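Numbered from 1 within each chain, the chains take letters A, B, ... in sequence-line order. Bear in mind that the values here come from a model prediction, so they are computed numbers and not experimental data.
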There are 2 protein chains.
Amino acid sequence: MRSPDETDLAILRLLLEDARRPYNDIATQVDVSAPTVSDRVNRMSELDIIERFTIDLDQSCFTDGVDLLIDLELRATSVDGLTEALVAVDGIEHVFTTTDARVLAIGSLRSERVGPALLEALDAEQIESYRVHLLQARARDPSITAGPLTLNCDTCADTVGEDGVTVSLDDTLHHFCDESCQKLFEERNLTAPSS
Amino acid sequence: MRSPDETDLAILRLLLEDARRPYNDIATQVDVSAPTVSDRVNRMSELDIIERFTIDLDQSCFTDGVDLLIDLELRATSVDGLTEALVAVDGIEHVFTTTDARVLAIGSLRSERVGPALLEALDAEQIESYRVHLLQARARDPSITAGPLTLNCDTCADTVGEDGVTVSLDDTLHHFCDESCQKLFEERNLTAPSS
DNA sequence: ATTGAAATCGGCCTAGC
DNA sequence: GCTAGGCCGATTTCAAT
């Protein structure tokens, strides 16, 4: 199977800017035909390089609160699922967890809601301390770096080389370093493999 | 002019999940006609509530580096434009600046590139200190909070009420608390107003 | 209802065996 | 020389307005 290439990167850049651009326009700019663009976009969707088509919103329209940065230090308990639990809190938009048990949450909340919000998602004894900062500015740029586009093994998260295995399970393509990683993945996911 | 309402919020939620969903599907779910959905989406685009149609990518495919959190403390110099300068650095995806002169940058870089990257965007004397943390997990959820959808004054950033002014300048709609804010905006933006 | 875009299908070409 | 996979052109289907 062909690996993603420069043409794919160019398509992604154009879609990032405007996902409604007609395939014909993209086709002209990257110098292939419209059906080819379609094929490649589909393939990248299956490969989960493209996670979804979506919209960027002006977040400032949706809050009566103020942008905050919550800086949490945790006791050395389990951190699994904590990132997800926090981001599910209404108003929290980003959560970053570091390897040294710090958690940063960014979102728009009224400040009196911060404490209750944290307790919604966490056990009180997990929290060593937290500090709240006011945000002055934020910027986001999901740009594509110059580097190569790689696929990552669904089991061990390493980069999959040319000799990797790609199989189709439950409607998305999964890729693995080798058969042993594939085996592991299939064992962990109880649904019977389709191939 | 009609203010955005619950129907608009419902449309946005659906588009967030899948911006390629046909207007017909959306129309059924929010109980209006497809042309109405079209009109509302267009209006929200003009109002810049919808900033753009785009794609979400699996960032892990685009880096040979590792996810880092760079925690910068600045000397109390001017912070203007600094957020933008940092986010323009290749590999940096998010930048958050707090009111107490801390700057958090998140991105994928090889660690030996962190120092040079910062010096690309900042003057050395602006940096008080910085620490680099390894990221273990990250999550994002650009969800729409239950609260009201508000428009913000392009001059003073306050919420624009029912009595606000909305005018069309250079292809997007701008809204203002009142005529004085509109005047200020027009003076600052040298292009002649179209109305 | 009209217009235009996207998915589809069949044939072609190329690369790898 | 044969096969598999990618690419393209024409057509059909479907969505947007």
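Residues B:Asp100 and A:His133 bring a donor and an acceptor atom of their side chains to less than 3.5 Å of each other.
Side chain of B:Pro22, nearest nucleotide from D:dT17, D:dG9, D:dA15: D:dA15. Here D:dT17 is the nucleotide among D:dG9, D:dT17, C:dA7 with the atom lying nearest to any side-chain atom of B:Asn42. Of the candidates D:dA16, C:dA7, D:dC7, the closest approach to any side-chain atom of B:Tyr23 belongs to D:dA16.
Taking 4.5 Å as the limit, some side-chain heavy atom of A:Leu82 sits within range of a side-chain heavy atom of A:Leu74. Side-chain contact between A:Pro142 and B:Leu57: absent, with no pair of heavy atoms (C-beta onward) separated by less than 4.5 Å.
Here A:Arg40 lies in heavy-atom contact (under 4.0 Å) with sugar-phosphate atoms only.
Open room surrounds CG on B:Asp31; 12 or fewer heavy atoms of other groups in view lie less than 6.0 Å from it.
Rounding to whole angstrom units, CZ of residue A:Arg21 and P of C:dA5 are separated by 14 Å. Atom pair B:Ile26:CD1 and D:dC14:C1' shows a separation of 15 Å (rounding to whole Å applied). In this entry the distance linking CD1 of A:Ile11 with C1' of D:dG6 reads 13 Å, nearest Å. If you measure from atom CG of B:Asp18 to atom P of D:dA15, you get 13 Å, rounded to the nearest angstrom. Atom C1' of nucleotide C:dA6 and atom CZ of A:Phe53 are separated by 12 Å, given to the nearest angstrom. Atom CG in B:Asp25 sits about 13 Å away from atom C1' in D:dA16, given to the nearest Å. We find that CG of A:Asp5 is positioned 14 Å from C1' of D:dG5, with the value rounded to whole Å. Atom CD of A:Glu46 and atom C1' of C:dA7 are 14 Å apart (whole Å).
Residue B:Ser38 has a polar side-chain atom (N or O) positioned under 4.0 Å from OP1 or OP2 of D:dT17. Under 4.0 angstrom from either OP1 or OP2 of D:dA4 there lies no side-chain N or O belonging to A:Arg2.
Residue order along DNA chain D, read from the 5' end via each residue's closest nucleotide, puts A:Pro35 first among A:Arg20 and A:Pro35.
Aromatic ring centres of B:Phe96 and A:His94 lie closer together than 6.0 Å.
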